[in-house]
Trainee: 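Below is the structure I would like to discuss, written out as C-alpha cells.
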Amino acid sequence: NAEQSNNDFINIFICHLIFYSVFCISIVLHILVDLGLGSFVKNQFLQIFEIANNTLAEKNPAFA
C-alpha cells in the first residue's frame with residue numbers, strides 16, 4: 001500500500017511539474033509579446049529580408 005501511494009505521489013508530481021512548466025512558459029511568452037517583442041522580431045525579419053533582397057537582386061541598368 002505504501003509503494004502504491006509513493007508511485008501515485010511521483011505520478012502526480014510529474015504531471016504537475018509538466019503542467020506548471022508549460023503554464024509558466026506560456027505566461028512569460030504572453031508577457032513578452034504583449035510588451036512588444038513580437039513587433040521587434042517582425043521588424044528584424046523585415047530588415048534581414050530587405051538586406052538579402054538588395055544584395056542578391058542585381059538591378060539591370062538598361063531599365064533605369
Side-chain angles (χ1 to χ4, degrees):
N1 209 5
E3 183 179 333
Q4 180 67 25
S5 68
N6 191 19
N7 285 338
D8 288 343
F9 173 75
I10 292 172
N11 288 337
I12 290 173
F13 179 77
I14 291 171
C15 289
H16 284 153
L17 184 68
I18 292 169
F19 172 76
Y20 284 116
S21 62
V22 169
F23 183 73
C24 290
I25 289 170
S26 65
I27 286 178
V28 167
L29 286 176
H30 178 70
I31 290 171
L32 288 176
V33 169
D34 211 22
L35 288 176
L37 181 69
S39 63
F40 175 74
V41 170
K42 184 179 82 171
N43 289 338
Q44 292 300 318
F45 276 119
L46 289 176
Q47 287 178 356
I48 290 171
F49 289 137
E50 183 178 318
I51 291 171
N53 286 338
N54 288 341
T55 58
L56 295 177
E58 294 180 15
K59 295 182 180 179
N60 194 349
F63 295 114

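Every value quoted in this text rests on a predicted model; they were computed, and no experiment measured them.
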Trainee: Hey, can you pull the donor-acceptor pairs under 3.5 Å for the side chains in residues 20-36, sequence neighbours left out?
Mentor:
unit_1	atom_1	unit_2	atom_2	d
S21	OG	L17	O	3.0
S21	OG	I18	O	2.8
S26	OG	V22	O	3.2
S26	OG	F23	O	2.7

Trainee: Can you name the residues that form a side-chain hydrogen bond (donor to acceptor under 3.5 Å, both in side chains) with D8, not counting sequence neighbours?
Mentor: Q4

Trainee: Restricting to side-chain hydrogen bond (donor to acceptor under 3.5 Å, both in side chains), what partner residues turn up for E3, sequence neighbours left out?
Mentor: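 With neighbours one apart ignored, the set is empty.
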
Trainee: For F9, give me all partners under side-chain contact (heavy atoms from CB on, under 4.5 Å), at least two apart in sequence or on another chain.
Mentor: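 side-chain contact (heavy atoms from CB on, under 4.5 Å) list for F9, sorted by chain: empty.
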
Trainee: Using a 3.5 Å distance criterion without hydrogens, assess whether the side chain of N6 forms a donor-acceptor pair with backbone atoms of A2.
Mentor: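 Here the side-chain-to-backbone pair does not exist.
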
